[in-house]
Amino acid sequence: MPKGKGPQGKRITLKVAKNSVRVAFNGRRRLDLSKMGIAIFPKCILELADVEELDLSRNMLRKIPNIIEKFQNLIWLDLHSNQLDELPPEIGTLKSLTYLNLCNNKLTTKGLPEELTHLKNLRTLNLGLNCLESIPTTLGTLRELIELGLFDNSLTLIPKSVKKLPKIERMNVKRNPLPEFAKEDEPIDTIKRIESLYLVEKKDLCNSCLEMCQGERDELHKLEDMTPIPPNKPSFPSLTTPNSTAMDNQEEWRIK
């Protein structure tokens, strides 16, 4: 087994963590520990608790400890694609957070602490791809929210307090068993409907108009093959259908 790896995931040292600090385009310092195979929150990163952004996404984390409260400068926190089933109440102490990504975890409704509502500056909250059966009505107090991801859960209701958030611009609720999305699909009409029908005799049409009518008649025969033929269907062998025009309109046909 390679050194540094085992059942508990990869061990992150302070040196590794320091080398993972990057300056983002906005000037903030980001500690990027994504895709590192981490299974246990590395306590050594407390030495870097003054960073503004922390990326622990795409790891194997099962728990975020209460020491997360030490990261008081955090504005941006990405925990997506881990194995979290709950959050610590201390996450509510990160009052400067504007972005929190919790997508693709195992979070349940009980795993969402009430203290989430203390994040009054939060603008983006992603809870998609989790195991949520309901959304706390108290999330309606996050009045700075602009974007809310709730897709791919088991939600049957979105609270009115959440729907009426004053600044919300994007709310993704796709792939939830919500009643408003349970309408039966309208049947697809495969038959082309003809709004008007004119009947004329072949002798009253010029050659070009006759060819056009014959092409349309062939299309009609194709449609007839798709539908049952009623008994005693009337036959008009000397007439050309459909959508032919009479003699006084032949000039218009020639222009076309």
Side-chain angles (χ1 to χ4, degrees), residues 26 28 34 41 49 51-185:
N26 51 19
R28 300 174 188 163
S34 63
F41 190 92
V51 296
E52 291 87 12
E53 300 186 358
L54 177 59
D55 189 348
L56 286 166
S57 65
R58 300 183 179 92
N59 281 297
M60 301 181 291
L61 291 170
R62 296 181 180 274
K63 182 179 181 181
I64 300 298
N66 54 15
I67 58 176
I68 192 68
E69 65 183 354
K70 301 294 183 181
F71 291 80
Q72 284 298 304
N73 290 339
L74 279 187
I75 297 174
W76 190 93
L77 178 58
D78 194 343
L79 298 170
H80 86 266
S81 301
N82 279 284
Q83 299 181 35
L84 304 173
D85 58 10
E86 64 177 359
L87 297 174
E90 287 77 11
I91 201 165
T93 66
L94 307 179
K95 301 295 181 62
S96 297
L97 270 188
T98 62
Y99 176 95
L100 178 58
N101 191 351
L102 298 164
C103 176
N104 194 22
N105 278 284
K106 299 180 179 180
L107 290 171
T108 63
T109 304
K110 292 181 179 179
L112 297 180
E114 185 178 347
E115 286 77 6
L116 268 181
T117 60
H118 297 168
L119 304 177
K120 300 299 184 182
N121 291 307
L122 205 59
R123 296 180 180 180
T124 298
L125 175 61
N126 193 343
L127 293 167
L129 278 167
N130 276 287
C131 305
L132 302 175
E133 295 183 350
S134 63
I135 293 297
T137 57
T138 51
L139 285 188
T141 63
L142 300 178
R143 302 182 67 80
E144 295 298 314
L145 268 187
I146 296 174
E147 185 170 4
L148 178 59
L150 299 172
F151 54 91
D152 291 287
N153 279 286
S154 300
L155 303 175
T156 57
L157 177 69
I158 305 297
K160 289 183 179 179
S161 61
V162 175
K163 287 182 177 179
K164 295 182 178 180
L165 283 165
K167 295 186 178 181
I168 200 74
E169 294 178 4
R170 295 177 295 276
M171 185 185 299
N172 189 344
V173 297
K174 292 180 180 179
R175 294 177 295 277
N176 279 285
L178 293 165
E180 55 261 48
F181 295 101
K183 296 178 181 179
E184 293 184 4
D185 293 335

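As the structure is a prediction and not an experimental result, all values here were calculated from the model.
Residues L107 and L87 approach most closely at CD2-CG, 4.2 Å, considering heavy atoms. The two residues P88 and P65 make their nearest non-hydrogen contact at CG-O, 3.9 Å.
Atom CG of L119 is separated from atom CD of E144 by 12.5 Å, given to the nearest 0.5 angstrom. Distance check: L84 CG to L56 CG gives 9.5 Å after rounding to the nearest 0.5 Å. Of the inter-residue distances, the one linking S81 atom OG with L102 atom CG reads 11.0 Å to the nearest 0.5 angstrom. Between the CG atom in L145 and the OG1 atom in T98 there is a gap of 10.5 Å [rounded to 0.5 Å]. For the atom pair CG of N105 and CG of L61, the computed distance is 8.5 Å after rounding to the nearest 0.5 Å. The CG atom of L139 lies 8.0 Å from the OG1 atom of T117; values are rounded to the nearest 0.5 Å.
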Please output the side-chain donor-acceptor pairs of residues 146-159 that fall under 3.5 Å, not counting sequence neighbours, one pair per line with the distance.
from	atom 1	to	atom 2	distance (Å)
E147	OE1	R170	NH2	3.3
D152	OD1	R175	NE	2.9
D152	OD2	R175	NE	3.0
D152	OD2	R175	NH2	3.1
N153	OD1	N130	N	3.2
N153	OD1	C131	N	3.4
N153	OD1	L132	N	3.0
N153	ND2	L127	O	3.1
N153	ND2	L150	O	3.0
N153	ND2	F151	O	3.1

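Here the side chain of N121 pairs a donor or acceptor atom with the backbone of K95 at under 3.5 angstrom. At least one donor-acceptor pair under 3.5 Å links the side chain of N82 to the backbone N or O of N59. Not one N or O on the side chain of Q72 forms a donor-acceptor pair closer than 3.5 Å with the backbone of A49.
P136 places a side-chain heavy atom less than 4.5 Å from the side chain of L112. Side chains of N26 and E52 form no contact here, defined as non-hydrogen atoms less than 4.5 Å apart.
Among pairs with a residue in residues 53-86, those fulfilling ring-ring contact (aromatic ring centres under 6.0 Å, His included) read W76-Y99, at least two apart in sequence or across chains. The salt bridge (Lys or Arg N to Asp or Glu O under 4.0 Å) analysis of residues 126-139, with sequence neighbours excluded, yields no pairs. For residues 104-131, no pair satisfies salt bridge (Lys or Arg N to Asp or Glu O under 4.0 Å), with sequence neighbours left out. Sequence neighbours left out, the pairs with a member in residues 53-81 that pass salt bridge (Lys or Arg N to Asp or Glu O under 4.0 Å) are R28-E53, R30-E53.
Contacts of L77 classified as side chain to side chain contact (heavy atoms under 4.5 Å, CB included), with partners at least two apart in sequence or in another chain: L54, L74, L79, I91, L94, L97, L100.
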